[in-house]
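To start, I am sharing the structure in question, which I have written as structure tokens.
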Amino acid sequence: MVDGAKTDRVKVEAAQLAIGMYVMELDRPWTDTAFLFQGFRIRQQQEIRLLRENCSYVWVDARRSQGVEDQLIENLAQPAGLQPVIAKVEFSEEINQASPIWHAAREESLRILQAVKLGRELDVGAVKTVVKECVESILRNPAAMLWLARIKNSDDYTAEHSLRVSILSIALAKELGLPSYQLEQIGVCGMLHDVGKITIPGEILNKPGALTADEFRVMQSHAAEGRKLLMSNQQISAATVDVAYAHHERLDGKGYPRGLDASKIPYFAKIIAVADTYDAINSDRVYSKGKSSLESLRILFDAANSHFDEEMVGSFIRLIGIYPPGEIVELSNGEVGIIIGCSPDSKLKPRVLRVLDCNKIACKERVIDLASTPLDPADKPYRIREVHGSGAFGIDIESYRLKGLKIPAGL
């Protein structure tokens, strides 16, 4: 787990040490060991052996380590003593209930934006109704809603983004242990956090290139505009207004619009900020291609304690997983597949449903379990070469689920 007092400290069991990690602190005084330097990057197996002989665990500096980002994120994702959450119902059962709930929530998100555009009052009751149903689904099995949140096939980015942020925030709040009534509150916050973007001119909101300084200031105004819009509705809670106003604040005080420091940023706004940033990085925009889930998590990990709350980032990484089901991966020999699950003991070696051959042509589907170290047709071990974003190679992940692809009950 990460030491909350310092930005880059990752606690690593001695048995998990690897070459490239920068050891910054031991579980005992340096003077009690044979090490000459107080802080060093592991370069040899002999150093790992000495560390294991002297220590049960050490603290590693994530930023000064080299080539071990996945292992460090894995440590953050699996703190000692954390027990997996058991889903109340199977994924296959919950997805059938979750799908119409998702589509109803998506339609409501579109209606919200349309109402604001036309100057109408928001139907807060309708928003709360669809959010309540989303919460109930996530409490039964979050994997279903999180799978649906990976399906991105709409040109209306703002509406679908708001819904995905709502879903991700509810699931993160559950992971953090918040009670169900607060899950509903934060779901509403997620649905309405970006409502101020309706006031931003389309040529700025959808500009394919970099914004000028003046355009960026206009874009930033969506936080204050969202606050104004929501304050005019007496059914909107103060928490929802706070989130719309503060979801771009940063822990180091360098966010906007007010430059609040960590102690002054509302708790819900900190949760929304993690989900909002992840989805923005992970989604295709007019000006950028969405990054893979792994790369998106790495960006959040690197910004923990400067932009985002460290505990929330750790919980979010646990929630999403290093290789979540539905992620598209290119294997070492050029074949392409869809991740369909990971063994709890091998989270860096998932099961992959191969759907394209090395020439990126549809082929006979085959499950490749990387944990069993399988060989490719050239008798070389399969490994993951690259993780791609949703829709890569024209692959529609939902079509495979509808064909009968079995997704594990948990993420």
Side-chain angles (χ1 to χ4, degrees), residues 7 62-63 69-70 72-74 76-77 145-172 175 190 193-194 197 200 205-211 216 219-220 222-223 243 246-252 254-256 269-310 312-330 339 384 386-392 395 397 411:
T7 305
R63 293 187 192 275
E69 293 91 343
D70 289 351
L72 294 178
I73 292 177
E74 178 77 356
L76 181 59
M145 274 291 174
L146 291 175
W147 174 273
L148 292 167
R150 298 184 63 78
I151 302 165
K152 304 171 184 179
N153 53 17
S154 172
D155 292 331
D156 200 327
Y157 170 81
T158 301
E160 284 206 347
H161 170 69
S162 295
L163 175 55
R164 290 193 297 268
V165 170
S166 179
I167 298 302
L168 291 168
S169 297
I170 292 168
L172 174 54
E175 186 80 13
H193 80 286
D194 259 352
K197 283 188 175 176
I200 306 301
L205 191 63
N206 300 310
K207 184 178 179 179
L211 298 178
F216 188 60
M219 179 67 84
Q220 288 181 324
H222 82 271
V243 166
H247 66 280
H248 284 293
E249 300 288 356
R250 289 173 38 169
L251 267 63
D252 59 11
K254 296 179 181 179
Y256 67 86
K270 292 178 181 178
I271 293 176
I272 296 289
V274 172
D276 178 46
T277 302
Y278 171 82
D279 188 67
I281 298 170
N282 191 232
S283 301
D284 288 345
R285 305 294 303 277
V286 291
Y287 50 81
S288 67
K289 182 75 175 170
K291 297 186 183 299
S292 69
S293 180
L294 180 60
E295 181 61 21
S296 302
L297 291 176
R298 184 176 288 120
I299 290 170
L300 287 177
F301 176 76
D302 287 343
N305 254 6
S306 58
H307 291 54
F308 311 109
D309 181 278
E310 193 169 50
M312 292 178 184
V313 170
S315 293
F316 192 76
I317 291 172
R318 289 196 296 275
L319 171 70
I320 301 300
I322 307 303
Y323 292 121
E327 198 81 334
I328 297 169
V329 293
E330 187 174 4
I339 292 176
I384 291 176
E386 190 172 353
V387 184
H388 296 271
S390 297
I395 295 172
I397 61 169
L411 290 178

(message) Could you check whether any side-chain heavy atom of Val165 comes within less than 4.5 Å of a side-chain heavy atom of His161, counting everything from C-beta outward?
(response) yes
(message) Are Arg164 and Ser283 packed together at the side-chain level, in the sense that at least one heavy-atom pair is separated by less than 4.5 angstrom?
(response) yes
(message) Would you compute the distance between atom NE2 of His307 and atom CG of Asn305 and round it to the nearest 0.5 angstrom?
(response) 12.0 Å
(request) Let me see the working for Phe316 and Ile271 under side chain to side chain contact (heavy atoms under 4.5 Å, CB included), right down to the final yes or no. (result) CA-CA 9 Å; Phe316 192 76; Ile271 293 176; over 6 Å; no
(request) Grab the two heavy atoms, one from Leu319 and one from Ala171, that are nearest each other, plus how far apart they are. (result) CD2-CB, 3.7 Å
(request) Give a yes or no answer on whether the side chain of Asp309 reaches the backbone of Met312 with a donor-acceptor pair at less than 3.5 Å. (result) yes
(request) Write down the atom of Ile320, the atom of Ser293, and the distance for their closest heavy-atom approach. (result) CG2-OG, 3.5 Å
(request) Nearest 0.5 Å please: distance from the CG atom of Leu205 over to the NE2 atom of His222. (result) 9.5 Å
(message) Looking at every heavy atom in both Tyr323 and Val387, which two are closest together, and how far apart are they?
(response) CE2-CG2, 3.7 Å
(message) Under the rule for side-chain contact (heavy atoms from CB on, under 4.5 Å), what residues qualify as partners of Ser296, not counting sequence neighbours?
(response) Tyr278, Ile281, Asn282, Lys291
(request) Ignoring hydrogens and angles, tell me if any N or O in the side chain of Gln220 forms a donor-acceptor pair with the backbone of Tyr256 under 3.5 Å. (result) no
(message) Checking the side chain of Lys270 only, and the main-chain atoms of Ala273 only, is there a donor and an acceptor separated by less than 3.5 Å?
(response) no
(request) Let me see the working for Leu148 and Ile167 under side chain to side chain contact (heavy atoms under 4.5 Å, CB included), right down to the final yes or no. (result) CA-CA 10 Å; Leu148 292 167; Ile167 298 302; over 6 Å; no
(message) Please evaluate residues Leu300 and Thr277 with respect to the criterion side chain to side chain contact (heavy atoms under 4.5 Å, CB included), reporting the C-alpha separation (whole Å), side-chain torsions for both, the decisive distance (0.1 Å), and the verdict.
(response) CA-CA 8 Å; Leu300 287 177; Thr277 302; 4.0 Å; yes
(request) Taking the six-membered ring for Trp and the single ring otherwise, decide whether the centroids of His193 and His248 are under 6.0 Å apart. (result) no
(request) Return the minimal non-hydrogen interatomic distance between Leu297 and Gly321, and the atom names on each side. (result) CD1-O, 3.4 Å
(request) Search all heavy atoms of Arg150 against all heavy atoms of Pro324 and return the closest pair with its distance. (result) NH1-CG, 3.9 Å
(request) Any chance you could measure Lys254, atom NZ, to Glu249, atom CD, to the nearest 0.5 Å? (result) 14.0 Å
(request) Identify the heavy atoms of Leu251 and Phe308 that sit nearest to each other, and give their distance. (result) CD2-O, 3.6 Å
(message) Pair Leu168, Asp276 - check side chain to side chain contact (heavy atoms under 4.5 Å, CB included), show working.
(response) CA-CA 8 Å; Leu168 291 168; Asp276 178 46; over 6 Å; no
(request) Give a yes or no answer on whether the side chain of Ser169 reaches the backbone of Ser166 with a donor-acceptor pair at less than 3.5 Å. (result) no
